[in-house]
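Working notes, structure below.
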Amino acid sequence: MSYLGEEIGKLGFGLMRLPKFEDGKIDIEQVKLMVDEFLAAGFTYFDTAWAYTGSEDAIRQALVERYPREKFQLATKNAAWVNCKTKEDAIAQYTTSLRQSGAGYFDFYLLHNLGDSRTHVFDDFDLWNYFLNEKKAGKIKHLGFSFHSTPEQLEEILKKHPEAEFVQLQINYGDWESPAIQSRACYEVARKYNKPVIIMEPVKGGNLATPPESVEKILKAAEPDSSCASWAVRFAADLEGVITVLSGMSNIEQMRDNLSYMKGFKHLTPDEKKVIEDARIALAKVPVVPCTTCNYCAKVCPKDIGISGSFGALNMYTLYGNYDLAHGREQWDVVGQGHKRAEECIKCGKCEQVCPQHIKIRDELVRVAETFK
């Protein structure tokens with residue numbers, strides 16, 4: 001399908017959660033295999049970011065150095081709100097991305113995670129104009145932004161910056177009617193301003209791939225042989241005005257599952273839409289912490305609290321009621337990875353300022369501490 005003059009399949013390869021060895025290094029050979037199968041299936045869009053440790057370098061080795069540049073689209077992002085004190089600091093992220101990826105130019109370049117206190121940084125440093133000039137120079141083909149905040153803020157940005165060609169939004173059936181994420185409302189604002197949408201987090205950081213039993217029963221009753229993740233990705237791909245749906249695939253098995261139902265994608269039937277709505281209602285009844293393990297919080301926590309690991313353990317206990325299993329998970333994900341436990345939180349609130357999910361992290365860490373004393 002053609003958007004912004006590009007032929008792009010409905011599935012995009014999100015490069016945030018690439019396969020890794022036990023020592024934390026990215027498994028480049030598996031990434032190469034995933035890239036090969038993705039391209040062979042007719043998909044061409046790859047999404048990375050300066051902030052995704054090792055990702056730009058990995059995709060250089062697995063994709064850029066192995067395929068003609070015109071055979072794929074590469075997107076990356078600028079997070080000027082991360083440790084940038086000057087405009088030059090922010091531009092250095094861009095030049096670093098060019099060097100690390102070896103791409104020569106970016107098909108899609110995004111100002112990363114606009115919303116709340118992060119938005120003004122890009123204006124203060126005049127980065128919109130800087131990157132528009134880079135577009136004129138041929139280093140960027142399409143300029144847009146990713147967004148994790150309220151529909152009101154999204155509308156304000158689109159009014160102020162009509163030069164944005166597209167917007168990347170968190171959209172999944174779990175967040176569609178969420179009062180915190182407001183997926184539907186943000187999507188509707190983008191449509192109002194006729195901006196094509198790239199969808200991120202369609203499986204909500206993997207949470208919709210392994211949903212609570214009450215949700216899984218609904219999905220499996222409708223299609224016993226389909227993965228739960230397939231319903232989430234298809235929900236997102238079914239929306240109008242969508243450039244592509246990013247799936248953060250972490251191994252070749254996930255890649256093959258996604259390809260099995262996204263190659264030759266067909267829009268959902270009314271019955272399939274009803275199944276997803278039933279699943280959404282069932283999911284909304286389960287009180288889990290909506291953490292997607294993006295770990296933006298970890299980058300700013302002065303005490304190095306194992307925030308996402310703590311929430312993963314708490315959610316495991318909430319969903320399955322197995323204290324020993326959940327406590328073991330907490331010990332491994334937090335202490336085992338060299339982080340501090342929840343009770344050492346000093347409640348500074350820096351984590352909440354950058355959390356895309358708008359989680360009340362300080363309150364939830366108190367719950368973690370009380371649960372796993």
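Numbering starts at 1 and runs along the sequence shown.
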Does anything in residues 16-37 pair up under ring-ring contact (aromatic ring centres under 6.0 Å, His included), and if so which pairs, sequence neighbours excluded?
->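 Qualifying pairs: none.
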Take atom [atom1] in [X]; do more than 12 heavy atoms of anything else shown fall under 6.0 Å from it?
X	atom1	answer
Lys350	NZ	no
Asp126	CG	yes
Lys139	NZ	no
Lys274	NZ	no

What do the steps show when you test Glu65 against Lys32 for salt bridge (Lys or Arg N to Asp or Glu O under 4.0 Å), and what is the final call?
-> CA-CA 11 Å; Glu65 294 179 349; Lys32 287 180 180 179; over 6 Å; no
Apply side chain to side chain donor-acceptor pair (under 3.5 Å) to the pair Glu56 and Thr48, showing each step before the final yes or no.
-> CA-CA 6 Å; Glu56 291 179 332; Thr48 184; 4.9 Å; no
Heavy-atom closest contact ([X] atom, [Y] atom, distance):
X	Y	result
Thr244	Leu11	OG1-C, 3.2 Å
Arg118	His148	NH2-O, 3.7 Å
Thr44	Ile8	OG1-CA, 4.0 Å

Separation between CD of Gln254 and OG of Ser227, rounded to the nearest 0.5 Å =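 If I round to the nearest 0.5 Å, the distance is 9.5 Å.
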If we only count heavy atoms from C-beta on, is the [X] to [Y] side-chain gap below 4.5 Å?
X	Y	answer
Ile198	Val167	no
Val354	Trp81	yes
Gln353	Val300	no

Could Arg367 and Phe372 be counted as a cation-pi pair, given that NZ or CZ must be under 6.0 Å from the ring centre and within 45° of the axis?
->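 Pair Arg367/Phe372 does not count as cation-pi.
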For the pair Arg184 and Glu177, find out whether any cationic side-chain nitrogen is under 4.0 Å from an anionic carboxylate oxygen.
->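 Here Arg184 pairs with Glu177 in a salt bridge, since their nearest N and O are under 4.0 Å apart.
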Going by the angle between their ring planes, with limits at 30° and 60°, are [X] and [Y] parallel, tilted or perpendicular?
X	Y	answer
Phe145	Phe147	perpendicular
Tyr94	Tyr130	perpendicular
Tyr296	His112	perpendicular

Please determine which of Phe13, Phe166, Phe108 meets the ring-ring contact (aromatic ring centres under 6.0 Å, His included) test together with Tyr45.
->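 Output: one option passes, namely Phe108.
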Cluster question for you: counting only ILVMFWY and a side-chain heavy-atom cut-off of under 4.5 Å, with indirect links fine, are [X] and [Y] together?
X	Y	value
Met34	Leu18	yes
Ile171	Phe265	yes
Val286	Ile281	no
Ile305	Ile346	no

Could you walk me through whether Lys192 and Glu188 pass salt bridge (Lys or Arg N to Asp or Glu O under 4.0 Å), step by step?
-> CA-CA 6 Å; Lys192 174 182 175 181; Glu188 289 174 349; over 6 Å; no
Residues Glu156, Lys160; criterion salt bridge (Lys or Arg N to Asp or Glu O under 4.0 Å); working and verdict = CA-CA 6 Å; Glu156 184 179 334; Lys160 187 173 183 179; over 6 Å; no
Considering residues at least two apart in sequence or located in another chain, which fulfil the salt bridge (Lys or Arg N to Asp or Glu O under 4.0 Å) criterion with Lys360?
->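 Checked Lys360 against salt bridge (Lys or Arg N to Asp or Glu O under 4.0 Å); zero matches.
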Hey, does the side chain of Ser260 reach the backbone of Asp257 with a donor-acceptor pair shorter than 3.5 angstrom?
->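 It does hold such a pair.
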